[in-house]
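Right, one structure below, let's go through it.
Proteins get letters first, then strands, A, B, ... in listed order; numbering begins at 1 in each.
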There are 2 protein chains.
Amino acid sequence: MPEAQFSDYNPRDYPAVAVTVDMAVFTIRDSALRVLLVERGEEPFKGAWALPGGFVRPDEDLDAAAARELKEETGVTRRDAFLEQLGSYGSPRRDPRMRVITVAYWAVCPALARPTGGGDATRAELVLVSRVEDRSIDLAFDHNEILGDALERLRSKLEYTALGARFCPPTFTISELRRVYEAVWNTTLDPGNFQRNVRRSGSFEQARSGHALTGRRVGRPASVWSTRGRLSSPGRPLATRHRSRGEDRG
Amino acid sequence: MPEAQFSDYNPRDYPAVAVTVDMAVFTIRDSALRVLLVERGEEPFKGAWALPGGFVRPDEDLDAAAARELKEETGVTRRDAFLEQLGSYGSPRRDPRMRVITVAYWAVCPALARPTGGGDATRAELVLVSRVEDRSIDLAFDHNEILGDALERLRSKLEYTALGARFCPPTFTISELRRVYEAVWNTTLDPGNFQRNVRRSGSFEQARSGHALTGRRVGRPASVWSTRGRLSSPGRPLATRHRSRGEDRG
DNA sequence: CACACTTATTGTCAGTTTGTCAATAACGTG
DNA sequence: CACGTTATTGACAAACTGACAATAAGTGTG
């Protein structure tokens, strides 16, 4: 039945459906990957952690709704973060109150100072992703699944795009970028090989002046880099995720 | 604002929103990539081609809605096709009648005989993708955009997964599989290299008996293969899309 | 000051992969 | 039989990859 069959569709004949956006907002602090969570203030799941989100307004499109919520929750605007749709979740019973379909997004921000927590007094925190992954924290609704999918998307995109740079400030050292990969993938990468790939990729350009000064304690001063072009376009990997033999299209 | 703020939400206070699924169903016939389109029977866009789709029912989740529509439009069940969510489209004015958010899906079927065209008399056709790409055919609503995104997804996934086999019957020759890649990417691939990658991938197994008999006219008889494992898991490419230097994360 | 340690950068090397092309195998047709 | 066609296997040079070494450029300590 094509989308055209409105001749017999009356919205009042069906239970209402609400559409929301939910967001997995990732950042890195203290070399650890974190996700922004908010505490639920009412039932269902009162007191539990959840992904931030909200209703899509009647006059805004989905991306705009997500960008608005991102701004409200983090103070970060869309131009300073990576934001992309992840997918929609519409199990009939994901919310016991009514039919709610959520369009999930994921975002990457440079280190957030402190979550602003939205307009009300809701409690928000940058929670270690490892704590959600090891089930120390269980999320409300189907947010465990959404976060799991967002993590897999992030980890996958990290390999094929230069998106990792969105965790960094506008200028950064190659080691800082490498440490993004190490935090997200929970692994270590060879500094020499990584730098070779960064230099070869064409997605980064070296600053003409000077070396990194910020945060340096000891060791050789590093050169400073910035990004060039569209970071989400596929290209050659800067690094590859380790896969055991059995995982090869297993 | 978290998803929790239902304390002041009344669905009747807002314009109703309908949620639909739309599908880009791909198949290959006569060595050419085709997409299933239906002709609209009423305004808006009366007479125009559109992607098949329909309303999500109150008691079904999104995947089930898509699978149901796929069955209605093609007669193909979910277990015989690849079906995956592509993303949601929710521009406020995508449909002039009311607020409609669509969750787009894409599917891959072995050669469809003839589209069943759904329950009513709507006209359906397997249209050459090239005709939509070269703008010989313009689609209704935002379906041009949806189809473009689905195509890009298909072309990208073809590289990193063994999904191309879903265009083939349960058993196939390596050349048949290679011709899938050639049709989707609109290119030619080296037979020797392709076979080397198929053999090496671990995603395919050779039939123990015999060689291809069907459709062979001339030339050496080919061995017959089938798939093994999950075709959508990422692995080593069977082939790579040609990219000019300028497209490398340009 | 010398030295140890740390971090950044460049290089080496053996093994693997990739794309182009050749050689051989197995069929059908005239 | 020769030839054309399609399938399969192989050769080869260039490029890539991961592990590790060597050198560079700092800081801190005795």
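Residue A:Arg200 has a polar side-chain atom (N or O) positioned under 4.0 Å from OP1 or OP2 of D:dT17. B:Ser223 has a side-chain polar atom (N or O) that falls below the 4.0 Å cut-off from OP1 or OP2 of D:dT8. Contact check, B:Thr240 against C:dG19: a side-chain N or O comes under 4.0 Å of OP1 or OP2.
Each of A:Asp190 and A:Arg178 has a nearest nucleotide on DNA chain C; the 5'-most of these lies closest to A:Arg178. Positionally, the nearest nucleotide of DNA chain D for B:Arg196 lies more toward the 5' end than for the other of A:Asn197 and B:Arg196.
Between the CZ atom of A:Phe194 and the C1' atom of D:dA19 there is a distance of 17 Å, given to the nearest Å. Protein atom CZ of A:Arg220 is 4 Å distant from nucleotide atom C1' of D:dA24, rounded to whole Å. Between the CG atom of A:Asn193 and the P atom of C:dA8 there is a distance of 15 Å, given to the nearest Å. Look at CD on B:Gln206: it is 14 Å from P on D:dA7, rounded to the nearest Å. Regarding B:Arg236, its CZ atom lies at a distance of 13 Å from the C1' atom of D:dC16, rounded to whole Å. Distance, A:Trp225 CH2 to C:dA8 C1': 12 Å, rounded to whole Å.
Taken to the nearest 0.5 Å, the NE2 atom of B:His143 stands 4.5 Å off from the CD1 atom of B:Ile146. Taking CG of B:Leu128 as the start and CD1 of B:Ile137 as the end, the distance is 8.5 Å to the nearest 0.5 Å. Note that the CG atom of B:Leu189 and the CZ atom of B:Arg241 stand 12.0 Å from one another [nearest 0.5 Å].
Taking every side-chain heavy atom of B:Ser175 into account, D:dA7 is the closest of C:dT20, D:dA7, C:dA8. The A:Pro221 side chain lies nearest to D:dG26 when the options are D:dG26, D:dT17, D:dT8. In the set D:dA19, C:dT10, C:dT18, C:dT10 carries the atom at the smallest distance from any side-chain atom of A:Gln195. In the set D:dA25, D:dT8, C:dT10, the nucleotide with an atom closest to the side chain of B:Ile174 is D:dT8. Among the nucleotides D:dG4, C:dT7, D:dT8, the one closest to any side-chain atom of B:Val218 is D:dG4.
Using a cut-off of 4.0 Å between Lys/Arg side-chain N and Asp/Glu carboxylate O, A:Arg166 and A:Glu84 are scored as not salt-bridged.
Using a 4.0 Å heavy-atom cutoff across all strands shown, A:Arg199 reaches sugar-phosphate atoms only and no base atom.
The aromatic ring centres of B:Tyr160 and A:Tyr160 sit less than 6.0 Å apart.
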